[in-house]
2 protein chains.
Amino acid sequence: MSAAAPLRPRKAQIDRTATALFRAQGFAATSMRELATALGLEAGSLYSHIKSKEEILHRVCFGLADSFFAGFAAATHETAPVAEQLRQAIVAHVRVLTHDSAASAVFLHEWRHLSEPARREFLALRDRYEGAFRELIARGVAAGELHTPDPAFAALTLLASLNWLPNWYRPEGKLTPDEIAHRLAEQLLSGLWPHRGSTGPA
Amino acid sequence: MSAAAPLRPRKAQIDRTATALFRAQGFAATSMRELATALGLEAGSLYSHIKSKEEILHRVCFGLADSFFAGFAAATHETAPVAEQLRQAIVAHVRVLTHDSAASAVFLHEWRHLSEPARREFLALRDRYEGAFRELIARGVAAGELHTPDPAFAALTLLASLNWLPNWYRPEGKLTPDEIAHRLAEQLLSGLWPHRGSTGPA
DNA sequence: TTCATTTGCTAACGGGCGTTAGCGGGCCTT
DNA sequence: AAGGCCCGCTAACGCCCGTTAGCAAATGAA
């Protein structure tokens, strides 16, 4: 599904710098001149490497979508208890979010500046991803491993909690990404009521 | 804290229309000419009512902050079990989010286009609000009514789940705002493990 | 050596931006 | 009838936008 021929280094650097700016200021509020300056270039020079401003956004958004799908697939194609698959999917999701939190923030917030038909395609991918979590949870409920009155609701809540991460995650913080992931999973699976030990259902 | 002298009706209408546009396209990508057209005006005419584009954003962001604080205060100043106060705070938060989901979306996403010092002030308010939830949860843990390894983490997760609501809430949907609030509270308090009935700790 | 590729420059294009100045008509109050 | 306000208009200001054209220096392969 992904493929992604390796970008020339300069192009990759443009993407990285643009991603940081898009995250900090938003896509619309970031100008090509600003991006060029951050790279030590003139504005026109950017167009030796890219076709348009939106092309950068497109690559960032769809590239990250690929990462999320790849992580989910790797976490769930094995035959394990569904609750464990869900936990692994959470870990995979958090790994993507923490591995490139700037791109993740752009992925989460700036996709609306994609023009059609890319925007529609992006939303379809996002829906599909969300649906995968929903179905995983539904399978867990059917198997008696999970409990919720509404799997769709639960999936929404779960992803919302995870996706807030790029807003506060700091790579130099105390917790490693995997520790964060497990703590998030713990929180989401166990809730806030006091009831039992922390490693799973009795 | 709030005060808020009632705006003249035309000004309030500008705020409402701008809020809808800011939500749909983002602050930076919404032009004053576009806003004027949506109101059946010419661009210059807007300035009979407002001082600047940012003034609108400022009013929306800080007005909603007031609403959130007012809701929280009303939900928690009584002497009730802490877990119940938390539930009420969740309900209050969701009421604000659903009562004006467009303004909420702007509040959540567009505050970064405030210039200093407003931006810093806004973030201080947001931190204070988050801190109030954190302390409420911490009190609940101390009282043995709640359980979490990390109240700060729990507050982050909780608010993230709630704040995703404006992205999918539709006023014409099947669930009323209060039903949504209770379901969210249920989900967040109970988690996804199967363990017991749905009304609280044993 | 030659030649294509990569990379960057300068200059400019058409157009949109937020905002202001000045004007004029309605409308309410007195 | 008069004065003041509310409201909207037209025209324009200086500035920044994304993008393109054309050119040149460096680089590396043949």
Side-chain angles (χ1 to χ4, degrees), chain A residues 4-62 106 109-119, chain B residues 5-61 106 109-119:
Chain A
L7 299 180
R8 278 209 217 71
R10 199 53 165 155
K11 194 166 180 175
Q13 190 193 10
I14 291 175
D15 279 10
R16 275 199 312 277
T17 307
T19 299
L21 289 173
F22 291 170
R23 178 207 203 159
Q25 312 176 340
F27 175 80
T30 301
S31 74
M32 296 303 275
R33 284 165 178 85
E34 210 173 347
L35 170 58
T37 299
L39 286 158
L41 297 179
E42 295 302 315
S45 310
L46 290 167
Y47 290 84
S48 300
H49 305 275
I50 62 166
K51 264 172 36 198
S52 69
K53 186 187 182 187
E54 182 172 342
E55 185 206 307
I56 306 177
L57 181 62
H58 188 283
R59 201 160 39 242
V60 173
C61 287
F62 284 80
V106 171
H109 295 324
E110 305 300 328
W111 57 265
R112 347 193 244 122
H113 297 104
L114 292 169
S115 51
E116 302 297 354
R119 182 183 155 123
Chain B
L7 299 179
R8 274 209 216 73
R10 198 54 162 155
K11 195 165 181 177
Q13 190 194 11
I14 291 176
D15 280 10
R16 275 199 312 277
T17 307
T19 299
L21 289 173
F22 291 170
R23 178 207 203 158
Q25 312 177 338
F27 175 80
T30 301
S31 74
M32 295 304 275
R33 284 166 178 84
E34 209 172 348
L35 171 58
T37 299
L39 287 158
L41 297 180
E42 294 302 315
S45 310
L46 291 168
Y47 290 84
S48 301
H49 304 275
I50 61 166
K51 262 172 39 198
S52 71
K53 186 187 183 188
E54 183 172 340
E55 185 205 307
I56 306 177
L57 181 62
H58 188 284
R59 202 160 37 242
V60 173
C61 287
V106 172
H109 295 326
E110 306 300 328
W111 56 266
R112 353 194 238 121
H113 297 105
L114 292 168
S115 51
E116 301 296 352
R119 184 184 154 124

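Order of the sequence lines sets the chain letters (A, B, ...), proteins ahead of strands, with each chain counted from 1.
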inquiry  = Tell me whether the side-chain N/O atoms of B:S45 come closer than 4.0 Å to OP1 or OP2 in D:dC7.
reply    =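 No.
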query = Earliest and latest nucleotide of DNA chain C, 5' to 3', sitting under 4.0 Å from a non-hydrogen atom of chain B?
reply =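 Boundary nucleotides touching chain B, in 5' to 3' order, are C:dC17 to C:dT20.
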message = On DNA chain D, compare the nucleotides closest to A:K51 and B:A43; which residue's is nearer the 5' end?
response =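 Its nucleotide being nearer the 5' end, the pick is B:A43.
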Tell me, please, which residues at least two apart from [X] pass salt bridge (charged side-chain N to carboxylate O under 4.0 Å, His left out).
X: B:E54; answer: none
X: B:E42; answer: none
X: A:R16; answer: none

key: Minimum-distance pair of heavy atoms, taken over all atoms of A:L21 and A:L35   =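 Reported closest heavy-atom pair: CD1-CA, 3.7 Å.
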Grab the [atom1]-[atom2] distance between [X] and [N] for me, whole Å please.
X: B:L46; N: D:dG8; atom1: CG; atom2: C1'; value: 10 Å
X: A:E55; N: D:dG18; atom1: CD; atom2: C1'; value: 14 Å
X: B:L41; N: D:dT10; atom1: CG; atom2: P; value: 11 Å
X: B:I50; N: D:dC6; atom1: CD1; atom2: P; value: 16 Å
X: A:Q25; N: D:dC17; atom1: CD; atom2: P; value: 11 Å
X: A:E54; N: D:dC17; atom1: CD; atom2: C1'; value: 15 Å

request  = Kindly say whether B:V106 contributes a backbone atom to a donor-acceptor pair with the side chain of B:R23 at under 3.5 angstrom?
outcome  =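 Checking the backbone N and O of B:V106 against the side chain of B:R23, no donor-acceptor pair under 3.5 Å is found.
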ask   = Do any pairs count as a ring-ring contact (aromatic ring centres under 6.0 Å, His included) and have a residue in residues 9-44 of chain B, sequence neighbours left out, and if so which ones?
value =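 Applying ring-ring contact (aromatic ring centres under 6.0 Å, His included) to every pair that reaches into residues 9-44 of chain B, excluding sequence neighbours, yields B:F22-B:F27, B:F27-B:H113.
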message = Any non-hydrogen side-chain atom of B:R8 less than 4.5 Å from a side-chain atom of B:H49?
response =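 No, their side chains stay 4.5 Å or more apart.
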request  = Specify the residues of residues 28-37 of chain B, ordered by number, for which at least one heavy atom lies under 4.0 angstrom from an atom of DNA chain C.
outcome  =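 Result for residues 28-37 of chain B: B:T30, B:S31, B:M32, B:R33, sorted by number.
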inquiry  = Among A:K51, A:R59, A:H58, which residue satisfies the side chain to side chain donor-acceptor pair (under 3.5 Å) criterion with A:E55?
reply    =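 Option passing the side chain to side chain donor-acceptor pair (under 3.5 Å) with A:E55: A:R59.
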key: Test log, rule salt bridge (charged side-chain N to carboxylate O under 4.0 Å, His left out), inputs B:E110 and B:K53   = CA-CA 13 Å; B:E110 306 300 328; B:K53 186 187 183 188; over 6 Å; no
